[in-house]
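In what follows, a structure is listed as structure tokens, so that the remarks can point back to it.
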Amino acid sequence: MNDFKREPEPLIQAELGAMERVLRSGWWVLGEEVRTFEKEWASKCGAAHAVGVASGLDALEISLRALRIGVGDEVITTPMTAFATVLGILRSGAQPVLADIDPDTGILDAESAKTCLSDRTRALMAVHLYGRAAPLDAFRELCADAGIALLEDCAQAHGARSGANPVGTVGAVSAWSFYPTKNLGAIGDAGALTTNSEEVASKARCLRNYGQSARYDHAEIGLNSRLDELQAAILRVRLECLDAWIHRRRKVAQQYADGMRNDAVRVLSLPQNPAAHVHHLFVVVCERRDELANHLRARGVETLIHYPVPVHHQEACRTFRLAPRGVPRAEAHARGCLSIPCHPHLTDDEICHVIEAVNAFR
Ligand SMILES: *Cc1c(COP(=O)(O)O)cnc(C)c1O
């Protein structure tokens, strides 16, 4: 699914240079590298501010808390997402409410989300699942009508666009993960949030560093969620590669979509505008999913499932409120979805081999 040993030698050399620069600087936490990466990431996203934090999970928690969302509040989101989305909402003190998905994309459906509104709803957490931009226009309208905040979980969608807008610039705050497997990854845990609000950015800066507003002044009950200099320096080097990597991922996905011909295997539809998808994961749906996974494994093709258990079936989440009509489409998706290898270092031969293996499934 991923092979980090395939990083090209010139990139490794540049990363070693960045690491040496940090080591010799004698300043390892919240310094020049973090500040510069924050500027570069904000500018890449087209957002006014970026705040580096320790992980995507922390970015989600801090995003909500910076908007003063917490205990007693409800946040509408999707049951088809990384568990961290829901965990971030819970850690802010708020309660997730789960709406159904669009079966064509796996992404939260705006109509279903609307049926989840209550007088406690304070926000909608959009997730750009698998690297495809969620329908932010529809979400923005829903949120404006309901008087609630829109947040974006961008952990899978670095560089994707929703219409004219880059993801991470439409919601009041957006959370990013730079976990190694993400489209832009560090060599350990790292995350960030982006926002156009000076007030939200400064609240987030305060929260990530013990809630400290000035040295020894604690305006908030914060956490220790500082992005360290080493990860920021690595991210700055890799950011230079992001566009080329996205380009390659799109090529891989297009070849898969063109080449996979099997009535038993449905490829999730590609968006009309290629800019809307950065193909963090390439997902197919198959009624006999486990048989397909075994068939591929026997041909040397590794697969994963994103995600086999929808959030409300997790033991810790059985009491969550669902949309009044339930989430049957998310449940069906969880039974059939399978992620096929999709990353920038796949070779053309490997792509052909994967296509042939999928097409040979009977
Ligand atoms: C990876 C991921 C996260 C969590 O990020 P971490 O950096 O691992 O904490 C959150 N949401 C989604 C959708 C993710 O894919």
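Counting starts at 1 for both ligands and their atoms, in listed order.
Residue L57 touches ligand 1 through backbone and side chain together, judged by heavy-atom distances below 4.0 Å. With a 4.0 Å heavy-atom cut-off, ligand 1 is reached by no atom of L129.
Comparing P180, A186, S177, G185 against atom 7 (O) of ligand 1, the shortest heavy-atom distance belongs to S177.
Residues M125 and L64 are in side-chain contact: their nearest non-hydrogen atoms beyond the backbone lie under 4.5 Å apart.
Taking atom 11 (N) of ligand 1 as the reference point, the nearest protein heavy-atom neighbour is D153 OD2, 2.8 Å.
Taking CD1 of I351 as the reference point, atom CD of Q255 lies at 4.5 Å (rounded to 0.5 Å).
Atoms of ligand 1 lying under 4.0 Å from at least one heavy atom of T81, given by number and element, are 13 (C). Numbered from 1 in the order shown, with element, the atoms of ligand 1 that lie under 4.0 Å from a heavy atom of T85 read 11 (N), 13 (C). Using a 4.0 Å cut-off to heavy atoms of G56, the atoms of ligand 1 that qualify are 5 (O), 6 (P), 7 (O), 9 (O). Ligand 1 places these atoms under 4.0 Å from at least one heavy atom of A84: 3 (C), 4 (C), 10 (C).
Heavy atoms of other residues, nucleotides or ligands lying less than 6.0 angstrom from CZ of R21 number more than 12.
Looking at D189 next to ligand 1, no N or O pair under 3.5 Å apart turns up.
Side-chain contact check for W176 and T194: at least one donor-acceptor pair (N or O, by modelled atom type) lies under 3.5 Å. A donor atom on one side chain and an acceptor atom on the other are found under 3.5 Å apart for R299 and H295. In the model, E74 has a side-chain atom that pairs as donor or acceptor with a side-chain atom of S118 under 3.5 Å. For H306 and S339, the side-chain atoms include at least one donor-acceptor pair closer than 3.5 Å.
Under a 4.0 Å heavy-atom criterion, K182 is in contact with ligand 1.
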